[in-house]
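Everything numeric here is computed off the predicted structure, so don't read it as measured data. In listed order, ligands and their atoms are each counted from 1.
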Amino acid sequence: MGFFLAREMAAQWAVLGLLAACLASAAKESVLNVCMDAKHHKIQPGPEGALHGQCAPWKDNACCTAETSTGAHQAQSYLYSFNWAHCGVMPDKCKRHFIQDTCLYECSPNLGPWIHQADTSWRRERILNVPLCKEDCEQWWEDCKDAVTCKENWHKGWNWTSGTNRCPRGTTCQSFKYVFPRPADLCEKIWSNSYKYTLEHRGSGRCIQMWFDPAHGNPNVAVAKYYAQNGRDASPAPWAVLLLLPPALLSLL
Ligand SMILES: *[C@@H]1O[C@H](CO)[C@@H](O)[C@H](O)[C@H]1NC(C)=O
């Protein structure tokens, strides 16, 4: 009698546990292959044959339209009217990193694990602490260290009265290398922690690449999957197995 009761309870436990594991796994899958709810993103990712210039690597599966990809290459484009040249012309070798940053932001369907609610009028969701590959951040800093800006955080505090962002009163134009002493300062502070500087290398599968060769597929697919399963708020997957195994075996008796 006691044995049968135990067996019954074990079976129920196992079923409940499996259900919980399935739900947890479904929740993790739901951050893969998604577009954030922001100003220009598509509802769902999909093929975009005509993506422009530096955004072309995402053409097999993208959250941006061709029109958005063109805007990503233009200073003061219709996208955000944002002016990279607020302290004089930005050198091309630096500007290409900002274009690539915009392409990643607008086009990538692999930023799901880092999407958070945003409390702003112009977008409902934002990215936070996307682990950027060491080399991508360092090259960005290297190519921009002699470019000039008046602000550390480019998300807020501009003077928009003219319709585009201008340096607010009380700020001065200085080289990036003074405003952002280290690569991490640039990558993390410029977009209020959208990116996190990491020591992970390109190709490691542990960091997001702003730049990649689409001939070898999009390396960020595997990175998103890894962090969805093993991220900081990762669920108790190994626990579930340990808890489930004994009752599951018992219920087979
Ligand atoms: C913003 O710029 C306008 C000129 O376009 C100027 O009159 C105003 O004082 C500026 N405001 C601040 C806070 O910098």
Side-chain angles (χ1 to χ4, degrees), residues 35-42 52-55 63-108 111 114-130 132 136-197 210:
C35 298
M36 77 185 93
D37 182 358
K39 194 172 179 194
H40 301 290
H41 289 72
K42 290 160 50 178
H52 184 71
Q54 289 178 223
C55 297
C63 287
C64 58
T65 60
E67 193 186 9
T68 298
S69 73
T70 302
H73 292 69
Q74 297 162 349
Q76 293 181 58
S77 71
Y78 82 100
L79 295 181
Y80 304 100
S81 305
F82 193 86
N83 182 15
W84 292 315
H86 47 267
C87 282
V89 176
M90 178 182 273
D92 283 345
K93 70 172 179 179
C94 174
K95 200 192 310 180
R96 69 191 185 103
H97 292 274
F98 283 92
I99 293 170
Q100 202 66 20
D101 158 55
T102 308
C103 289
L104 177 73
Y105 173 79
E106 299 291 347
C107 304
S108 178
L111 301 176
W114 303 279
I115 292 177
H116 290 258
Q117 297 302 308
D119 304 315
T120 50
S121 57
W122 56 280
R123 60 178 180 180
R124 300 236 296 247
E125 290 179 337
R126 62 163 299 182
I127 44 171
L128 196 62
N129 295 322
V130 171
L132 194 60
D136 286 39
C137 179
E138 290 179 353
Q139 195 65 50
W140 187 0
W141 186 85
E142 187 62 34
D143 289 342
C144 291
K145 66 181 194 294
D146 297 317
V148 182
T149 185
C150 55
K151 282 179 55 49
E152 186 183 62
N153 184 332
W154 286 17
H155 264 151
K156 358 177 192 198
W158 295 102
N159 183 343
W160 284 96
T161 55
S162 65
T164 187
N165 55 306
R166 306 217 322 213
C167 293
R169 236 180 328 189
T171 60
T172 49
C173 291
Q174 292 182 296
S175 295
F176 269 51
K177 60 177 178 283
Y178 295 113
V179 178
F180 307 107
R182 301 162 306 149
D185 297 315
L186 169 64
C187 304
E188 297 182 354
K189 291 175 179 170
I190 199 161
W191 299 126
S192 32
N193 299 106
S194 292
Y195 296 119
K196 186 165 65 108
Y197 174 78
M210 224 159 70

Do the side chains of [Y] and [X] get nearer than 4.5 Å, heavy atoms only?
{"X": "H41", "Y": "Y105", "value": "yes"}
{"X": "W154", "Y": "F98", "value": "yes"}
{"X": "H86", "Y": "W158", "value": "yes"}

Applying side chain to side chain donor-acceptor pair (under 3.5 Å), name anything that partners D185, two or more places apart in sequence or on another chain.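 Partners of D185 by the side chain to side chain donor-acceptor pair (under 3.5 Å) criterion, ordered by chain and then number, come out as R182, K189.
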Could you list the residues that satisfy side chain to side chain donor-acceptor pair (under 3.5 Å) with E188, not counting sequence neighbours?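 Expected list: none.
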If you measure every N/O of S162 against every N/O of ligand 1, is any gap under 3.5 Å?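 No, no N or O pair falls under 3.5 Å.
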Students should be able to answer this: which protein heavy-atom is nearest to atom 2 (O) of ligand 1, and at what distance?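 For atom 2 (O) of ligand 1, the nearest protein heavy atom comes out as N159 ND2, 2.3 Å.
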Nearest protein heavy-atom contact for atom 13 (C) of ligand 1: which residue, which atom, what distance?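 Looking at atom 13 (C) of ligand 1, the protein heavy atom closest to it is R169 NH2, 3.7 Å.
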Using a strict cut-off of 4.0 Å, indicate which atoms of ligand 1 neighbour a heavy atom of R166.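 Result: 4 (C), 5 (O).
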Are there protein heavy-atom neighbours of atom 9 (O) of ligand 1 below 4.0 Å?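 Neighbour list for atom 9 (O) of ligand 1 includes protein heavy atoms (cut-off 4.0 Å).
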